[in-house]
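Read the structure below first, then the notes.
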Amino acid sequence: MKTVATRFAPSPTGPLHIGGVRTALFNWLYSKNKSGKFYLRIEDTDKERSKDEFKNQIINSLKWIGINYEDSEYIQSDKIDDHINVANELLKKGLAYKCYCSSDEIEEQKKRAKQKKIPYIYNRKWRDRSENDAPKEIDPVIRFKSKVEDKSILKDLVQGNIEIENNTIEDFVILRADGSPTYNLSASVDDHLMGMTHIIRGDDHKINTFKQIQIYEAMNWEVPFFAHIPLIHTIEGKKLSKRDNASTLDDYSKIGIMPNALRNYLLRLGWSYKDKEIFDLDESIKYFNLEGIGKSPSKLDISRIYSINEYYIKNISENELFNFLKDYSKNFKDKIPEFKEEKIKKSLTFLKNKAKTLEDIYNNSKFLINDNIEIDQEDQKLLDKNANEIIKLFINKISEISEFNRDTLEPIINKLIKENNTNFKGVGQPLRICLTGSKFGPGIYDILYSLGKEQVVKRLSQIR
RNA sequence: GGUCCCUUCGUCUAUCGGUUAGGACACAUGGUUUUCAUCCAUGAAAGAGGGGUUCGAUUCCCCUAGGGACCGCCA
């Protein structure tokens with residue numbers, strides 16, 4: 001059997017969003033599951049709108065989430081000559097023809113169709129017309145001679161059999177008036193040349209597929225398998241588009257979502273394997289299949305992303321977690337100073353305890369990273385006379401102990417609570433504020449112990 | 001408007017003719033706790049509607065409704 005080959009083929013005309021990433025992920029997983037190949041093809045034939053900036057963003061996004069591809073990116077515009085050659089061959093074979101309609105003429109027809117509320121379809125005017133009738137002042141486009149009789153069936157691996165009347169597919173343009181190839185031509189030629197066996201893409205391409213299959217057949221090429229996956233919808237139920245914000249991977253990484261968690265979320269969005277929710281990388285590859293893909297569009301659910309992220313934070317190794325945290329801090333916050341790295345790493349056990357995101361962990365770690373504690377006005381108010389008194393007493397007491405750990409600290413705090421006729425909050429809160437600059441955070445003993453006696457005394461003494 | 005697709009808790013989904021329709025997230029309540037954004041327990045929550053087929057339909061078929069995608073010399 002032929003080696004499975006899949007591809008992801010975005011156009012660099014906007015930032016890659018999470019829906020595109022999911023399509024890439026499905027293609028990638030499918031090929032890995034079949035021990036096949038996966039390619040990235042940049043469809044940059046729209047020169048006006050294609051930008052290097054977007055191309056880089058696409059490449060970086062895939063890299064971030066761990067999707068790797070064979071060779072280097074395949075740049076579609078490098079292969080334009082191949083596409084044009086195919087168009088000419090089709091022309092020679094009589095399977096395509098030159099159309100001399102001006103764009104004004106076409107526009108006029110579309111307008112009229114709209115007024116009459118009838119569907120517009122190119123009227124195939126030049127399909128059988130002689131070249132002798134051709135107006136000299138018009139550069140023709142080349143149109144594909146689409147089937148007009150019967151119907152076609154697309155055996156879609158996700159959607160099942162899709163039947164369509166051939167006459168609803170128009171004679172589509174394959175070469176523009178300026179001689180450049182259009183999408184349906186370029187995509188078919190490239191997919192063929194790259195040896196694609198399976199085309200997995202959003203179902204917004206379904207109608208294109210009927211056009212592309214006709215090109216394959218006209219050229220006597222082997223037709224690949226197609227799988228059209230339902231689109232991801234926004235919470236409003238509309239197709240996720242480049243204009244929607246909060247939908248690129250960067251938007252997620254900057255709030256502290258980890259790539260493995262997002263990959264897991266995306267995998268389970270529109271795909272399932274029994275009741276299993278968590279898939280590590282190997283399991284993703286092992287269990288992924290086309291049968292598990294649902295037929296209906298699914299909505300993005302941010303709370304689910306947080307929840308899976310939290311699961312990963314609590315279940316991956318602390319080594320791995322630390323590396324994610326390090327990258328995160330460097331990219332979006334203040335870099336963790338090298339001499340603090342060990343301390344943070346060792347403290348991860350409790351720092352991650354209440355965190356849903358890397359940002360949460362970072363915030364929990366701030367008091368360890370930064371030795372200068374800033375207390376905002378609200379919290380400052382809580383440090384009243386009583387609180388200051390308690391802190392003073394606390395300093396005195398800890399100066400008497402040699403060991404600095406929970407066993408020695410707990411009696412001290414309990415005693416302070418009793419002697420000052422207060423509750424845990426009365427002691428814990430001022431300490432936490434002085435030590436970390438925040439009312440919230442890790443448990444007080446974790447804070448004390450991770451800071452160490454010297455640092456604790458130092459910070460507490462600075463408060464007046 | 002035409003063509004095509006879709007429809008199980010709020011959300012992601014399980015079920016491949018027979019289940020008290022299951023799980024996860026979110027939500028609510030209770031409990032633990034040393035701040036709480038942890039943890040544990042419990043609860044509420046779904047087959048769009050109408051016809052068939054069948055001993056039996058969430059599951060198969062049809063209709064209706066709702067939603068979506070496409071309808072470029074964009075990709």
Side-chain angles (χ1 to χ4, degrees), chain A residues 9-14 43-46 48-50 76 99 101 103 106-107 110 113-114 116-121 139-143 154 156 159-160 162-165 168-170 172-184 186-187 202-208 210 228 230-231 233 235 237-239 265 268-278 291-292 294-308 310-311 314 350 352-357 360 363-364 410 413-414 417 423-425 427-429 431-433 438-447:
Chain A
S11 65
T13 54
E43 305 214 324
D44 61 341
T45 52
D46 183 341
E48 295 282 301
R49 297 194 302 149
S50 292
Q76 189 164 57
C99 163
C101 291
S103 24
I106 300 283
E107 282 310 309
K110 281 185 190 169
K114 207 167 189 181
K116 285 193 193 161
K117 295 204 169 192
I118 52 170
Y120 166 76
I121 181 166
D139 291 326
V141 298
I142 296 183
R143 289 181 183 270
L154 166 62
D156 193 277
Q159 316 241 353
I162 303 164
E163 213 178 84
I164 198 170
E165 293 285 342
T168 60
I169 307 284
E170 68 170 356
F172 53 98
V173 173
I174 54 177
L175 230 50
R176 300 184 185 95
D178 66 2
S180 63
T182 62
Y183 167 73
N184 282 118
S186 296
D203 69 10
D204 47 344
H205 281 289
K206 246 185 298 181
I207 301 298
N208 286 328
F210 287 95
H228 287 96
L231 267 10
H233 281 179
I235 216 74
K238 299 272 188 250
K239 171 184 169 180
Y265 171 76
R268 280 288 286 98
L269 188 63
W271 178 83
S272 62
Y273 180 79
K274 299 179 181 168
D275 272 344
K276 196 169 164 58
E277 300 283 351
I278 301 297
E291 293 76 47
K295 286 182 161 193
S296 50
S298 33
K299 292 184 185 130
L300 226 40
D301 179 7
I302 186 72
S303 69
R304 194 60 178 287
I305 297 177
Y306 279 116
S307 149
I308 292 184
E310 185 181 8
Y311 178 90
K314 287 171 186 168
F350 70 86
K352 72 178 181 183
N353 193 244
K354 290 160 209 164
K356 276 184 154 59
T357 64
D360 292 342
N363 286 339
N364 284 342
E410 200 165 351
I413 289 191
N414 286 338
I417 292 170
N423 53 17
F424 180 84
K425 203 175 169 186
V427 177
Q429 193 170 66
L431 281 178
R432 175 175 285 108
I433 291 173
S438 169
K439 283 195 290 290
F440 307 109
I444 194 71
Y445 294 108
D446 288 327
I447 293 172

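Note on naming: letters A, B, ... go to the chains in the order of the sequence lines (proteins, then strands), and numbering restarts at 1 for each one.
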Side-chain N,O (S307(A)) to OP1/OP2 (rA24(B)) below 4.0 Å:
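Answer no for this pair, as no side-chain N or O of S307(A) is under 4.0 Å from OP1 or OP2.
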Is the phosphate of rC6(B) approached by K295(A) (side-chain N or O, under 4.0 Å from OP1 or OP2)?
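For K295(A), the contact criterion (side-chain N or O under 4.0 Å from OP1 or OP2 of rC6(B)) is met.
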Using a cut-off of 4.0 Å on non-hydrogen atoms, how would the nucleic acid contact of [X] be classed: base, sugar-phosphate, or nothing?
X       : result
Y445(A) : base
E48(A)  : nothing
V141(A) : base
G428(A) : nothing
I444(A) : base
H228(A) : nothing
T45(A)  : sugar-phosphate
K276(A) : nothing
N208(A) : base
P442(A) : base

Taking side chain as C-beta onward, heavy atoms only, is [X] less than 4.5 Å from [Y]?
X       : Y       : answer
Y183(A) : D46(A)  : no
I413(A) : F424(A) : yes
I235(A) : L300(A) : no
H228(A) : L154(A) : yes
N364(A) : N353(A) : no

Just to verify, what does K439(A) make a side chain to side chain donor-acceptor pair (under 3.5 Å) with, not counting sequence neighbours?
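Checked K439(A) against side chain to side chain donor-acceptor pair (under 3.5 Å); matches are D379(A).
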For [N] versus [M], give the span between their [atom1] atoms, rounded off to a whole number of Å.
N       : M       : atom1 : result
rG18(B) : rU13(B) : C1'   : 22 Å
rU20(B) : rA26(B) : C1'   : 24 Å
rG67(B) : rG49(B) : C1'   : 15 Å
rC55(B) : rG2(B)  : C1'   : 44 Å
rC61(B) : rU53(B) : P     : 15 Å
rU8(B)  : rG47(B) : P     : 11 Å
rC12(B) : rA45(B) : C1'   : 15 Å
rA44(B) : rG30(B) : P     : 16 Å

[N] - base-pair partner by Watson-Crick or wobble geometry, distances under 3.5 Å:
N       : result
rC27(B) : rG43(B)
rG1(B)  : rC71(B)
rC55(B) : rG18(B)
rU38(B) : none

Taking protein heavy atoms under 4.0 Å as touching, what does nucleotides 10-15 of chain B look like 5' to 3' if B marks base contact, S marks sugar-phosphate-only contact and - marks none?
-SBSS-
Quick check for you: among [options], whose closest atom lies nearest to any side-chain atom of [X]?
X       : options                   : answer
S103(A) : rA37(B), rA75(B), rC73(B) : rC73(B)
E170(A) : rA75(B), rC36(B), rG72(B) : rG72(B)
Q159(A) : rC5(B), rC39(B), rA37(B)  : rC5(B)
K314(A) : rC70(B), rA37(B), rU38(B) : rU38(B)

Start with the C-alpha gap between N184(A) and T182(A), add the side-chain angles, then the distance that decides, and say whether side chain to side chain donor-acceptor pair (under 3.5 Å) holds.
CA-CA 6 Å; N184(A) 282 118; T182(A) 62; 5.7 Å; no
Need to verify one output field. Residue with the more 5' nearest nucleotide on RNA chain B, E107(A) or Q429(A)?
Q429(A)
Identify, between V173(A) and I162(A), the residue whose nearest nucleotide on RNA chain B lies closer to the 5' end.
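It is I162(A) whose nearest nucleotide is closer to the 5' end.
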Is a donor-acceptor pair below 3.5 Å formed from side chain K206(A) to base rC5(B), judging by atom type as modelled?
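Between rC5(B) and K206(A), which were checked side chain against base, a qualifying N/O pair under 3.5 Å is absent.
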